[in-house]
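Per chain, numbering begins at 1; letters A, B, ... match sequence-line order.
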Amino acid sequence: MTNPADSIEIQNVVASTGIGQELDLEALAEDLPGADFNPDNFPGLVYRTQEPKAAALIFRSGKIVCTGAKSIDDVHDALGIIFEKLRGLQIPVEDDPDITVQNIVSSADLGHNLNLNALAIGLGLEDVEYEPEQFPGLVYRMDEPEVVILLFGSGKIVITGGKRTDDAEEAVEEIVERIEGLGLLG
Amino acid sequence: RLRKWQERIRTKDAGERNLQFALSEIDRMASALGVPRSVREVASVIYRRALNEDLIRGRSIEGVSTAALYAACRQEGIPRSLDEVADVSRVPQKEIGRTYRYISQELGLELKPVDPKQFVPRFASALQLSEEVQSKATEIIDVSAEQGLLSGKSPTGFAAAAIYAASLLCNEKKTQREVADVAQVTEVTIRNRYQEQIEAMGFR
DNA sequence: GCTTTAAAAAGTAAATT
DNA sequence: AATTTACTTTAGAAAGC
């Protein structure tokens, strides 16, 4: 008997921070090899790290958004690399900038196929959005923890909207309980 | 004070004109889709509710009108696909779908997922298929849905495949292309669903 | 609202081979 | 007809239109 909670994998972490210093993005784009900056499209400069793999959006205000990391540690490592790169360019960066995790996207496997039509009605149409003509996943908004879960016919699920690592685990335990309570899990 | 009065009258007139425009658009699209008058009434009620709940702000009148009509068709059990509705609207399909999900949530419409069987009579008659094919297609849908094949699948593609399969079984064969055209799906989708359904029926 | 970034799920679609 | 590429949905931040 495998526990669905054990199948949880973090797929993406979004975090924000700031170096407490205004930046000249035009100049930075010149000095940072590999940087993408198209102010007509988007006000942020895009910089990608290879190890760990992540993408950072750097703004004129000095605020930074980091996405694509596979763990919270990777977020810190990737941002640490960026801070050092900036310091190397004689840009003053705060000693230990606060990093706030804004969203964690995880995937998991419930181990059984799901009847999404029955689930839509069982979980309550008021909390569910299931429009297979538009998207194959059932969208379920959970209150505690406050996350959004996408459920698929294969039993694979995506948990997003949480800020803590524990949110995904709690969400999986909760959704399994509710589905079992409805007698809709294998 | 006089300015305020005039302002109120002006905005009231504008609102009235907008409502009239929305209702006439619903009427026009409903006629083009060939849905009965009762559905237009339901769509009008949904639109007025959206207006009262202030859901139009930030959205186009056309978009909300179309979404209200799409919702009304479903509520009345004679659904149109988003593609079909988009064909008679001047709003892109993506926006219709997005607006529908929004007003559906905000108004608490709680509409159940579309049943593929509801497309069978219309698609089958457009293909000039007999009553026998229709009931066979319905049976195929019931059996394969019961075996869990419907989860996540587009109801139009599911119905199209069942109609195609039924036309073969009843010796009234239509090509995948013919069925795909009336259902507005691709032949690839029909092939994929068809294979699964045939297996579920115990054939092959 | 939109723009950009990343990632998963599964279905659908279009372009190539 | 098989492969590849791409788009649909969810969340969140950033600055600006």
Walk me through it: do B:R98 and B:E95 pass the test salt bridge (charged side-chain N to carboxylate O under 4.0 Å, His left out)? CA-CA 5 Å; B:R98 183 176 297 165; B:E95 187 187 326; over 6 Å; no
Using the closest heavy atom to pick a nucleotide of DNA chain D for each, name whichever of A:K63 or A:V13 lands nearer the 5' end. A:V13
Please state how far atom [atom1] in [X] lies from atom [atom2] in [N], giving the value in whole angstrom units.
{"X": "B:R101", "N": "D:dT9", "atom1": "CZ", "atom2": "C1'", "answer": "7 Å"}
{"X": "A:I19", "N": "D:dA14", "atom1": "CD1", "atom2": "C1'", "answer": "14 Å"}
{"X": "A:N113", "N": "C:dA10", "atom1": "CG", "atom2": "C1'", "answer": "12 Å"}
{"X": "A:L114", "N": "C:dA10", "atom1": "CG", "atom2": "P", "answer": "11 Å"}
{"X": "A:N38", "N": "D:dA14", "atom1": "CG", "atom2": "C1'", "answer": "16 Å"}
{"X": "B:Q93", "N": "D:dC7", "atom1": "CD", "atom2": "C1'", "answer": "12 Å"}
{"X": "A:F152", "N": "C:dA10", "atom1": "CZ", "atom2": "P", "answer": "7 Å"}
{"X": "A:E131", "N": "C:dA10", "atom1": "CD", "atom2": "C1'", "answer": "16 Å"}

With a 4.0 Å cut-off on N to O distance, would you call [X] and [Y] a salt bridge?
{"X": "B:R122", "Y": "B:E84", "result": "yes"}
{"X": "B:R37", "Y": "B:E41", "result": "no"}
{"X": "A:E131", "Y": "B:R101", "result": "no"}

Touch class at under 4.0 angstrom, heavy-atom based, for [X] against every strand present:
{"X": "A:S154", "result": "sugar-phosphate"}
{"X": "B:R59", "result": "nothing"}
{"X": "A:S61", "result": "sugar-phosphate"}

If you measure only the distance, is there a donor-acceptor pair under 3.5 Å linking the side chains of B:S130 and B:E172? yes
Distance only, no hydrogens: is a donor on one side chain within 3.5 Å (strictly under) of an acceptor on the other, for B:S31 and B:R40? yes
What string of B, S and - do you get for nucleotides 2-7 of chain C 5' to 3' if you count protein non-hydrogen atoms under 4.0 Å? SBBBBB
Go along nucleotides 11-17 of chain C 5' to 3' and tag each nucleotide: B for a protein heavy atom under 4.0 Å from its base, S when only backbone or sugar atoms are that close, - otherwise. SSSS---
Please name the nucleotide paired to [N] by Watson-Crick or G-U wobble geometry with both distances under 3.5 Å, or report none.
{"N": "D:dA11", "answer": "none"}
{"N": "C:dA7", "answer": "none"}
{"N": "D:dA1", "answer": "C:dT17"}

Carefully, step by step, assess A:E174 and A:R178 under the rule salt bridge (charged side-chain N to carboxylate O under 4.0 Å, His left out). CA-CA 6 Å; A:E174 181 64 24; A:R178 291 189 196 185; 2.7 Å; yes
What distance, rounded to whole Å, do you find between the two [atom1] atoms, one in [N] and one in [M]?
{"N": "D:dT3", "M": "C:dA7", "atom1": "C1'", "answer": "23 Å"}
{"N": "D:dC7", "M": "C:dT3", "atom1": "P", "answer": "12 Å"}
{"N": "D:dA13", "M": "C:dA9", "atom1": "P", "answer": "25 Å"}

Residue-phosphate contact under 4.0 Å: B:R57 side-chain N/O, C:dG1 OP1/OP2: no
Are any of the side-chain heavy atoms of B:S151 and A:N113 separated by less than 4.5 Å? no
Considering all heavy atoms, the nearest B:A68-B:I103 contact: N-CD1, 4.0 Å
Rounded distance [0.5 Å steps], OG in B:S38 versus CD1 in B:I78: 6.0 Å
